[in-house]
2 protein chains.
Amino acid sequence: MSRILLIEDDHSVRISLTKALGRYGHDVAAAPTGEEGLRLYPEHAAELVVLDLMLPGMDGFEVCRRIRAAGTVPIVMLTARGDDIDVVSGLEAGADDYVVKPVEPRVIDARIRAVLRRGAPERAGQSTAAYRDLVIDRAAMTVTRAGKRVAMTPTELRLLLELSGSPGQVLSRQQLLESVWEHSYLGDSRLVDNGVQRLRAKIETDPAAPVFIQTVRGFGYRFGPV
Amino acid sequence: MSRILLIEDDHSVRISLTKALGRYGHDVAAAPTGEEGLRLYPEHAAELVVLDLMLPGMDGFEVCRRIRAAGTVPIVMLTARGDDIDVVSGLEAGADDYVVKPVEPRVIDARIRAVLRRGAPERAGQSTAAYRDLVIDRAAMTVTRAGKRVAMTPTELRLLLELSGSPGQVLSRQQLLESVWEHSYLGDSRLVDNGVQRLRAKIETDPAAPVFIQTVRGFGYRFGPV
DNA sequence: GGGCTCTGCGACATGGTTGCGACATTCCGA
DNA sequence: TCGGAATGTCGCAACCATGTCGCAGAGCCC
């Protein structure tokens, strides 16, 4: 339900992303070049910009800086996989988040919502997730269980936010590694399992019979109902 | 704008709400009892359920729990005025929001949109496949048969996802071996047959007369309608 | 600088899962 | 009707995914 400006030169990606974001309830305007994007930006009154880095003519960094100069609208960057330099430069240029190609519509929608949420903390209700007696306040970064505050470490909190950000949905270890630990490779490490275990120890009454974070054998972990 | 299942026993309320929600652009199926609602749910492929608490026979809580067991579809409860206990119990049973009777069409439409917006990316609907009374939620990785959750092992689930991903189409043993088992050779092993058997044992009422997974002698297996 | 917590990592335990072989059954053509 | 081929069925043992624990280095706050 947000007005989004998509700047992406690849025709098929542009079309499919426009459709996908439309399905998620956003109002999308799409532009194939940076110049066109900058022209559309005030016209569409975009609340958020999704911006590809590799553009013909004016590149993503330049577009990013110009949009930044015009206001504080959140910018989500699309980058090629594993291009670390791009990520850093993008953040320096003023991007709020980045998504690695190839983009999963679900993922980018989640990031968009996360960025918008982050930048729009006016309504506490929106930024609060609750399941049973567990309350997660994304604005205050606090977790409450049965009315009692639960102290969380940064990694635990990131993991919980990520999982609770997609309630009922299974997230693979790979996905969690990328989003929470920002690793792109998947060793045979028990990192994710370990994190989940530590998180469970804090929020589950009986870690042996988890209510909030469920294991889906062979696939990953899932937060919440089902 | 959304596929909605309305479960409400009061005739006049049911009719007027159906019409009102229809005017707001929703595609509404209505059921007078919980049993009927659960039957309609997979058939209508509902993206959201509006559920009255006071129902003859199976009450709203039970319906709520059963729908919850089937997937992550949002549920909006209708409750009698000021009945706080109901609200709490409803939320515990898995409802996402509640509306107090008498319902204003505008109000319930707003709530519906809010709930859908809140959970849009991760909720079912898009990622849910249904055939007869079998519901497969690809996001939550859950399978429900006749409203009852069916526990699946990873291989069984992968096989079911693969088959149901091409409903009505025959997949050869070779294809299934490659996609599900990630083998590239085809011995004379009974691996696929074995997997199908285990899968049938879980989802078919009578494994001797399979409804969901049919054998196509000499070619392979097929999910769903002919 | 000292003490603290956090976190990554490896090792081990364990129980469900699965691959496999053997045999039964069904199907289809001759 | 008969025989061969294709498929269904069963049980078991190895294996694999996950849970669990402890440790040590790194980071952080005072």
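Note on naming: letters A, B, ... go to the chains in the order of the sequence lines (proteins, then strands), and numbering restarts at 1 for each one.
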Listed pairs under 3.5 Å, donor-acceptor, residues 193-201 of chain B side chains, sequence neighbours left out:
| unit_1 | atom_1 | unit_2 | atom_2 | d |
| --- | --- | --- | --- | --- |
| B:D193 | OD1 | B:R173 | NH1 | 2.8 |
| B:D193 | OD2 | B:R173 | NH1 | 2.7 |
| B:D193 | OD2 | B:Y221 | OH | 3.3 |
| B:R200 | NE | B:I213 | O | 3.1 |
| B:R200 | NH2 | B:I213 | O | 2.9 |
| B:R200 | NH2 | B:T215 | OG1 | 2.6 |

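- Taking 4.0 angstrom as the limit, A:W181 places a side-chain polar atom (N or O) nearer than this to OP1 or OP2 of C:dG8.
- Atom C1' of nucleotide C:dT18 and atom CZ of B:R158 are separated by 10 Å, given to the nearest angstrom.
- Taking atom CG of B:D193 as the reference point, atom P of D:dA5 lies 17 Å away to the nearest angstrom.
- Dashed line: the shortest gap from a side-chain N or O of A:R200 to OP1 or OP2 of D:dG19 is under 4.0 Å.
- In this structure, A:R158 does not pair ionically with A:E162, as no charged nitrogen and carboxylate oxygen lie closer than 4.0 Å.
- Atom CZ in B:R217 sits roughly 6 Å away from atom C1' in D:dT7 (whole-Å rounding).
- Counting to the nearest Å, the P atom of C:dT7 and the CD atom of A:E156 are 6 Å from each other.
- For A:R190 and D:dT20, the CZ to P distance is 13 Å, given to the nearest whole Å.
- Taking all atoms of both residues into account, the shortest heavy-atom contact from B:T155 to B:V180 is O-CG1, 4.1 Å.
- Between B:D133 and B:R145 there is a salt bridge, since at least one side-chain N of the basic residue sits less than 4.0 Å from a carboxylate O of the acidic one.
- Atom CZ in A:R222 sits roughly 13 Å away from atom P in D:dT18 (whole-Å rounding).
- OP1 or OP2 of C:dT18 lies within a sub-4.0 Å distance of a side-chain N or O belonging to B:T155.
- Looking only at atom types and distance, the side chain of B:T33 has no donor-acceptor partner in the side chain of B:E36 under 3.5 Å away.
- In this entry the distance linking CG of A:L191 with P of D:dT20 reads 17 Å, nearest Å.
- Although no hydrogens or angles enter the test, the distance criterion places no donor-acceptor pair under 3.5 Å between the side chain of A:S166 and the main chain of A:Q169.
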*For every nucleotide of nucleotides 22-30 of chain D, 5' to 3': is a protein heavy atom under 4.0 Å from its base (B), only from its sugar-phosphate (S), or from neither (-)?*
B--------
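- Using a 4.0 Å heavy-atom distance criterion, B:G218 is classed as a sugar-phosphate-only contact.
- Closest approach to the A:Y221 side chain among D:dG19, D:dT7, D:dC10 is made by D:dG19 (side chain taken as heavy atoms from C-beta onward).
- Proximity of B:T153 to the phosphate of C:dT18: a side-chain N or O atom is located under 4.0 Å from OP1 or OP2.
- The minimum heavy-atom distance linking B:P210 with B:Q214 is given by the pair O-CG, 4.0 Å.
- Comparing atom distances between the A:T215 side chain and each of D:dT18, D:dT9, C:dT7 picks out D:dT18 as nearest.
- In this structure, A:Q214 places its CD atom 16 Å from C1' of D:dG19, rounding to the nearest Å.
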